[in-house]
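Just so we're on the same page: letters track the sequence lines, and every chain starts at 1. Because the structure is a prediction, the values reported are computed rather than measured.
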Amino acid sequence: MKYKEYKGLNYAGVADRILKYWKENKIFEKSVDLREGHETFTFYEGPPSANGTPGIHHVMARAVKDIFCRYKTLKGFQVKRKGGWDTHGLPVELQVEKELGITKEDIGKKISVEEYNQKCRETVMKYKDEWDDLTQKMGYWVDLDNPYVTFDREYMETLWYLLKQLYDKGLLYKGYTIQPYSPAAGTGLSSHELNQPGTYRDVKDTTVTAQFKLKGEENTHFLAWTTTPWTLAANTALAVGEKIDYVKVKTYNPYTFELVYVILAKDRMGEYFNEKAKEVSFEDFKEGDKLIPFKIVEEYKGRDLTGIEYEQLLPYVEPDGPAFKVIPGDFVSTEDGTGIVHISPTFGADDQRVARQAGIGAILVKDEEGNAGPIVDKQGRYVKEISDFAGIYVKNEYYKEGEAPERSLDVQIAIKLKEENKAFKVEKYEHPYPHCWRTDKPVLYYPLDSWFIKTTAMKDRLVELNKTINWKPESTGTGRFGNWLENLVDWNLSRSRFWGTPLPIWVTEDRTEQKCIGSIEELKAEVQKAVKAGFMSEPIGDDFDLHRPYVDRIFLVSDSGQKMYREPDLIDVWFDSGAMPYAQWHYPFENKDIFDTNFPADFIAEGVDQTRGWFFTLHAIAVMLYDNVAFKNVIANGLVLDKNGNKMSKRLGNAIDPFKTLAEHGPDATRWYMISNANPWDNLKFNMEGVVEVQRRFFGTLHNTYSFFALYANLDGFNYKDGEIANGDRTESDRWILSKLNSLIEKVEASYEDYEPTKAARLIQDFTTDDLSNWYVRLNRKRFWRGEYNADKKAAYQTLYTCLVTIAKLGSPIAPFYMDQLFQDLNAVTGLEGAESVHLADFPEKDESVIDVDLEQRMSLAQNISSLVHSLRKKHKIKVRQPLSKILLPVINDQFKRQVSAVEELILSEVNIKEVEFVDDESGVLVKHVKPNFRKLGQEYGPRVKEISGKINQFSTDEIAQLENENKLVVELSEGTVELTLEDVEINYQDIPGWSVASEGRLTVALDITISDELRKEGIARDLVNRVQNLRKDMGLEVQDKIKINIERNTDLVNAALEANKEYICNETQALSLNILDNLSDGSELEMDEHKLKVKIEA
RNA sequence: GGGCUUGUAGCUCAGGUGGUUAGAGCGCUACACUGAUAAUGUAGAGGUCCGUGGUUCGAGUCCACGCAGGCCCA
């Protein structure tokens, strides 16, 4: 059995081959079954929608998911991964409408709801095959055979069950939200309809800046501006920006000329006061004067104003709760108006939101049936309670042709306010305003019925449990998600659509009785009753579809015998996906045991844009119904942008095709690039060159290292079957790389455990390229190809093998294909592991006894010293092949000397030097340099650091010596003296006179650059070896082929060099003989610096 | 407009708790090495650490205010 040797490497080919292997051998299934009975690690798949094609960002998101599932499997957990599909919702509807060329208006007319929904059902899985293909090609292991699908009957039944639980807990209620509404058409408008071109048009409205009188203060008013004066009768609060500056101004009302104090934003004064009036004195002012004097008498921040109470402006109707207070509003600006915003919770979405958050009530009236409603009816008229203006349309456009009054309601209200000293300014104002696309008349923002989940009732618990979730990055949990929870409003469940989960609530016509249905069984029973009552003609079957229009055809009977109709709403699709922990198992109707061990999730991961989507709905449902989190760890990953940092879009043509990327560069390089380049939660600027770089630098190096191993291991027949060589019997560099390897295991494991895949990838990559390839293999090459198959060679093979197989395991979660190939290629020969795939293996356990910190330190010293020597050689243009006699190392301390001595041989061979000589103080060749220790000095002397460090830099040799000998030195400062100790400074060796010196930090190396005759001869011999090796290669000789070398007699120096190093040359080049001949007729000419040699090689 | 987030070399990114010479890889330039060779090593050039103020003996790091990009929300 041989290790597989490759000619070149085709990354996509590796993936194809391994993928086929996985399929044929059911590796994924085995990786789950293998861990049967072990602790479970629960992962929830956030369902994608298959009505669009997958993009490169899905590769990113799914790589993150895959990594931790694979890692946990290696760690011995059983990780079930049920796939899923999100199938309901507006995007599907829009796509269907586009395909059929219809609008929402046509549903029920040109096409039945039944046909429409059938079409949605077909469309939603349009690209399923493409998704499945990508899933496999990128190596994302998820169960595609038994996915949950949100439109499935069982899935929807669980949704109904959950809704009923909420209903029974009193957490489901009907309320209202402010939505665009067209009184002329009698219907609400979706934001989609409002975004039609031409809906926003410039209109001229009468605007009022009203005076709201502060409670308990004479003549003091808040000023608030509105473009809809008709809403003032519904005012219950005033909003200010907390950070905005406000002023109280003394002035006269321009209509009544009463002396008033008004409060408004400082930045808005220019709009209300004429600068020229600044000089006018209050005494000189007479009624009717154009210039009205004003004076700032007080200033505040917005937050100082909050909580202040004022008197109701138009007291027609009592509020239904606390009201008439100043509250904070995040939307308040000083762009226009007064910087104080009039709030009417029934006629503005912002208004409603901030009022709710501040606990402010609304102005509501009861209709004939006793239902609360706003002060404007559905036709757009003031209700009777607004006695002065009852029955008047709030917009003149709502009157029939020719019936509109001369003065619009806004004008009439403005006049009333002027007369009552409640208006500070009235003027016409032109601004864009939305219009109904059907009637061309202005839209009202109006409260419309909706069903809500009372999330606010559980706010504290939601916040509290969120703190137990491990968010990556943390800021998304505390910031974006945490703030969202802090400012929570109730979850509006209602959607007026067709393709989705229907709300399972039936209500009697007078709305006095309600029923919420929680299962199909229950529905059947209720229908049975309805049949008896005569409201239904027949019972429903077992295969009843819970979608519209079928549920709409069901009428139930109330306890008192009334007919009940289903509330026509569908529920928010986010409820669909947030309910997946339960619904994917059809819990509680089936699979209770599976659910119990798979709730909550240990881990989920999705884009950060899901924060208020899936992350929230998962959390909300779990907390409200099960008083538990839905997930313990979550990665909120960022976006994948193009290489210039722009958003990818198909329209702009900068979108990366994931299939093409995988086909060209393979999934391993693609995944490794995405993960190693930036943390998943940072945005990734996807650059194809980066993928290529990862391919070359990491996978290329790793593959080269494996190939190197395979080449020689095959020659020697190494199969790891003849006993493990004890660590203590291995070489210094073997023990070093194994120490580094075990340190690596520890760090990589910690990174995975901490959900830091980027750190893990970088650690593995750095180890592979820097430690293993560029240092260990380079230094030990000869051990692999020279000499017989002895214990030392065996140790080298075993060491390299262990490193490679461990890298395969550590890296397999990130690069599942290549690492599996590597693992299998290695294990095929040795059979050390029982696993047939790396994904069935166990995560490596670090061997603490092998980690030797001191060894790692001294090897690091060897690397640094070598690097310095290399740079000195470079400086003097002396090539490494030319041996040099010695280097000088100033001894920093005893440990330094001991550590360097241990790796001395290594340094000598690496940099081709004969000897290391240590020098210390007594040698007298060292020149010391002293530098202030700022950290220490700063703590002790603070402001005097500058002067002291100036003195230290000027220390003489004597002063340094004194400080070293006595550990104290008194320094004179301009004011007083300080006594310094050795701790206050750092002493380095800077220079060695007469030597070529280089230093880095405290480390200094001096190189003897004189080349003796003997050294020169040796250099020539080494050069010759090099040239002969090249010739051998050119001749196509195998490594083990023996040769004869004949050389024509040359200069005395060269001849002597050859004679003196004959044995060395023969040994290195596998030569049986080396002969110097007087005349060589057919040799090749070799140039070595200034020497020219004629050489002939015979095999 | 609000919340969160990012800004360090041409590019991609590191830079506990503040410490004076800000690093790595790629790319570029030069040189070297040569039984890992479509590999490798060494060196060089390249920085207003987004800006402005502040705290401090000392700020890439802490604070404030801005600017630019991104996401979510309005």
Donor-acceptor contacts under 3.5 Å from residues 687-698 of chain A side chains, at least two apart:
from	atom 1	to	atom 2	distance (Å)
A:Asn687	OD1	A:Glu689	N	3.1
A:Gln695	NE2	A:His665	O	3.0

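- Comparing the P positions of B:rC50 and B:rG15 gives a spacing of 15 Å, expressed to the nearest Å.
- Within the nucleic acid shown, A:Ser773 comes within 4.0 Å of at least one base atom, counting heavy atoms only.
- Nucleotide B:rG16 forms a pair with no other nucleotide shown, judged by Watson-Crick or G-U wobble geometry with both contacts under 3.5 Å.
- As the counterpart of B:rG47, no nucleotide is assigned, since no Watson-Crick or G-U wobble pattern has both distances under 3.5 Å.
- Within 4.0 Å of A:Asp770, counting heavy atoms only, lies no atom of the nucleic acid at all.
- Between B:rU8 and B:rU61, the distance separating the two P atoms is 14 Å to the nearest Å.
- Rounded to whole Å, the P atom of B:rG23 lies 14 Å from the corresponding atom of B:rA9.
- Base pairing annotation: B:rG1 forms a Watson-Crick or G-U wobble pair with B:rC73, both donor-acceptor distances under 3.5 Å.
- The phosphate of B:rU12 (OP1 or OP2) has no side-chain N or O of A:Arg697 nearer than 4.0 angstrom.
- Looking at residues two or more places apart in sequence or on another chain, you find a side chain to side chain contact (heavy atoms under 4.5 Å, CB included) between A:Asp766 and A:Asp770.
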How does each nucleotide of nucleotides 66-74 of chain B score, in 5' to 3' order, for protein heavy atoms under 4.0 Å: base (B), sugar-phosphate only (S), or none (-)? ----BBSSS
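- Base contact: A:Gly938 has a heavy atom under 4.0 Å from a base atom.
- If A:Ser475 and A:Arg762 are placed on RNA chain B by their nearest nucleotide, the residue sitting closer to the 5' end is A:Ser475.
- In terms of phosphate contacts, A:Lys685 brings a side-chain nitrogen or oxygen within less than 4.0 Å of OP1 or OP2 of B:rU12.
- For residues 347-358 of chain A, the side chain to side chain donor-acceptor pair (under 3.5 Å) pairs, not counting sequence neighbours, are A:Asp330-A:Arg353, A:Asp350-A:Arg353.
- Contact check, A:Asn677 against B:rU12: no side-chain N or O comes under 4.0 Å of OP1 or OP2.
- For the P atoms, the distance linking B:rC33 with B:rA43 amounts to 16 Å, nearest Å.
- Separating the CG atom of A:Asn912 from the C1' atom of B:rU42 is a distance of 16 Å, rounded to the nearest angstrom.
- B:rA30 and B:rA45 have their C1' atoms separated by 10 Å, with the value rounded to a whole Å.
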If you look only at distance, which donor and acceptor atoms sit under 3.5 Å apart when one is on a side chain in residues 674-686 of chain A and the other is two or more places apart or in another chain?
from	atom 1	to	atom 2	distance (Å)
A:Ser676	OG	A:Trp672	O	2.7
A:Asn679	OD1	A:Thr758	OG1	3.3
A:Asn683	OD1	A:Leu639	N	2.9

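- Listed nucleotides: B:rU12, B:rG19, B:rC26. Nearest to the side chain of A:Glu693: B:rC26.
- In this structure, A:Ile865 places its CD1 atom 20 Å from P of B:rG41, rounding to the nearest Å.
- Within residues 774-781 of chain A, the residues approaching RNA chain B are A:Asn774, A:Val777, A:Arg778, A:Arg781, by heavy-atom distance under 4.0 Å.
- Of all nucleotides present, none satisfies the Watson-Crick or G-U wobble test against B:rA36 with each distance under 3.5 Å.
- In this entry B:rG53 has B:rC63 as its Watson-Crick or G-U wobble partner, both defining distances falling under 3.5 Å.
- Spacing between B:rG46 and B:rU37 at atom C1', rounded to whole Å, works out to 30 Å.
- Nearest-nucleotide positions on RNA chain B place A:Gly479 closer to the 5' end than the other of A:Gly479 and A:Phe708.
- The partner of B:rC26, taking Watson-Crick or G-U wobble pairs whose two distances both stay under 3.5 Å, is B:rG10.
- The nucleotide B:rG41 finds its pairing partner in B:rC31, both defining distances of the Watson-Crick or G-U wobble pair being shorter than 3.5 Å.
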